[in-house]
Amino acid sequence: MGIGLVERPGEAGEASVVETGARARAIEATLRCVARYGASKTTVDDVAREAKCSRATLYRAFPGGKDELMVAVVRSEVSRFFKVLARRMQEAGNLEELLVAAISTAVAEVEGHEALSFLMLHEPELVWPHVAFSELDRVLALAAAFVEPYLIDRLEPEHARRIGEWVARIVISNVVCPPASGSMDARSAQRLVRNFLLPGIGELESRQAARTA
Amino acid sequence: MDRDVRTRILDGTYACVARKGISHTSLEDAARQAGVSRATLYRYFPGGRDELIGAVIVFETLRFFMRLAEAVQDAPDLEQLLVDGIVFAHRAIEEHEVLHKVLETEPELVVPRLTLESRNLIELIRGFLEPRIAATRLPDGLRIEEAADYVARMVLSFIVSPGSWDLSDSTQVRALVDSELLAGLRPA
């Protein structure tokens, strides 16, 4: 069974998924089951029991059974992730705060995600293939499309998109391999942004200015 | 334990993986290819097939980074070293037929092992870069290890995935190196 982290670049970032009723309850129940038993061992019966509904109800909501349920779970969690990220980024007062919020929130959301944490630890084959090589290119394209609108008033679209990729690289690197300080919290993220991202963005802006002058 | 025998076993196993993939490579295949007995193979890899496959992935990864280090060791400065290194590594990945074959058919058998290895790889790149970064003047307050750790993480990320950059174009790679990698390492 494969878990596609993203459907298609742009898709999960833009169209938000709102599940309601039986589907929403089943998705929540699935997340709790995966956090406990993992994705491979979670059965439709486990989910029905956890959601306190019958097998029949579950199959009415998800006629494709476990596979369809898992796809819906991933889609709904990716959508939720971007909503949290968007909220934090909208609160930011300037570029530095925006980038710090993006990095520290993304890392915290991944690290605090119980079902995903279980998979990273016990079923890594379901997670890592989605953030490496050509699959990582897809994730980076998604991040680029997501971040672009926040930076579009100061950078050309191409550069704005690249900042999104850049942030995603930093997040993934620090999730796969936490920093020596323990975790990429807001303070570490701020140091990283001040030391490396802001000077790099300044460099991009001056190139941009030199070209348009 | 004889390093040559260990290397011969890993070379043999790699040849088998190149030919038929990871899941179809048995201990017997690997032993035959390496010209050793099953018993010898078990002496070197007591964990059996899993340990052997893990070791061969690490072995080939290190070989890749040794070639990379060799390709850039004469670069005149840090900027050129990073440009040359990223271009070289990108091409080497693109042309790595065995990697593409396993990524295509059995990514779940290779990517988790590579991910596990990423801390060591960051350390490896960092160790290689540190003396070169130490030879440059950094902005006040930026520590050498911190700069090296950051650049190493970014280099590994670009080797794994180019994103929207064309890493075969050294003009683009220079723009990338000057902004995302080195802008923060230059004193104002």
Side-chain angles (χ1 to χ4, degrees), chain A residues 1-2 9 119-120 123-145 158-159 161-181 188 191-208, chain B residues 93-94 96 99-100 102-104 106-123 126 138-143 145-147 149-165 167 172 174-188:
Chain A
M1 185 199 61
L119 296 182
M120 291 195 287
E123 298 179 278
E125 70 282 2
L126 298 182
V127 180
W128 303 127
H130 299 288
V131 283
F133 302 102
S134 56
E135 292 299 302
L136 176 55
D137 284 333
R138 300 196 326 146
V139 175
L140 294 177
L142 186 70
E158 184 197 1
H159 289 153
R161 293 174 60 81
R162 284 200 166 137
I163 309 302
E165 281 186 39
W166 190 355
V167 165
R169 289 182 191 280
I170 288 171
V171 168
I172 292 168
S173 176
N174 283 282
V175 164
V176 170
C177 216
S181 65
S188 313
R191 198 168 159 81
L192 198 71
V193 167
R194 286 184 179 169
N195 282 338
F196 306 109
L197 277 96
L198 295 180
I201 292 171
E203 170 74 24
L204 288 174
E205 282 175 325
S206 62
R207 278 165 180 257
Q208 189 173 304
Chain B
I93 292 271
E94 291 274 283
H96 201 302
L99 176 66
H100 289 287
V102 296
L103 284 179
E104 182 78 21
E106 34 191 11
E108 72 288 354
L109 298 181
V110 67
V111 179
R113 194 65 192 74
L114 284 175
T115 307
L116 210 58
E117 208 50 35
S118 59
R119 174 157 315 269
N120 290 334
L121 296 178
I122 290 169
E123 287 301 317
R126 196 181 124 157
L138 293 179
D140 292 339
L142 181 61
R143 286 176 293 110
E145 316 83 76
E146 197 178 3
D149 180 72
Y150 168 76
V151 178
R153 285 172 182 272
M154 291 298 285
V155 165
L156 184 60
S157 177
F158 282 105
I159 292 176
V160 171
S161 168
S164 66
W165 296 88
L167 300 184
Q172 271 209 39
R174 188 168 299 276
L176 159 68
V177 167
D178 287 342
S179 58
E180 297 195 14
L181 269 56
L182 291 185
L185 275 62
R186 297 198 165 119

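Remember, it's a predicted structure, so these values are computed and weren't measured experimentally. Excluded from the calculations below are hydrogen atoms, water molecules and symmetry mates; all remaining heavy atoms, backbone and side chain alike, are included. Every chain is numbered from 1 and lettered A, B, ... according to where its sequence line falls, protein lines coming before strand lines.
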Got a second to check how far A:F133's CZ is from B:I93's CD1, nearest 0.5 Å? 5.0 Å
Hey, could you give me the CE/CH2 distance between B:M154 and A:W166, rounded to the nearest 0.5 Å? 6.5 Å
By a 4.5 Å heavy-atom criterion (distance strictly below it), what part of [X] contacts chain B: side chain, backbone, both, or neither?
X      : result
A:R207 : side chain
A:I201 : neither
A:I170 : side chain

With chain B, the option among A:P124, A:S173, A:P179 that has the most non-hydrogen atom pairs under 4.5 Å is A:S173
Let's test your reading of the structure: which of A:E158, A:E165, A:E125, A:E203 forms the most heavy-atom pairs below 4.5 Å with chain B? A:E165
Is it the side chain or the backbone of [X] that comes within 4.5 Å of chain A heavy atoms, both, or neither?
X      : result
B:A175 : both
B:L99  : side chain
B:L114 : side chain
B:P139 : neither

Could you go step by step and tell me if A:E135 and B:L103 meet the side chain to side chain contact (heavy atoms under 4.5 Å, CB included) rule? CA-CA 10 Å; A:E135 292 299 302; B:L103 284 179; over 6 Å; no
Is it true that B:E146 and A:R191 make a salt bridge, defined as a side-chain N closer than 4.0 Å to a carboxylate O? yes
Could you tell me which non-hydrogen atom of [X] sits nearest to which non-hydrogen atom of [Y], and how far apart they are?
X      : Y      : value
A:C177 : B:I122 : SG-CD1, 3.8 Å
B:E108 : A:P129 : CA-CG, 4.2 Å
A:L136 : B:S161 : CD2-CB, 3.5 Å
B:S118 : A:V176 : OG-CG1, 3.1 Å
B:L185 : A:F196 : CD1-CE2, 3.6 Å

With a 4.5 Å limit on heavy-atom distance, are the side chains of B:R119 and A:P178 in contact?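 Result yes, sub-4.5 Å side-chain heavy-atom pair found.
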If only atom types and distance count, is the side chain of A:R162 paired as donor or acceptor with the main-chain N or O of B:S164 below 3.5 Å?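 Answer holds: yes.
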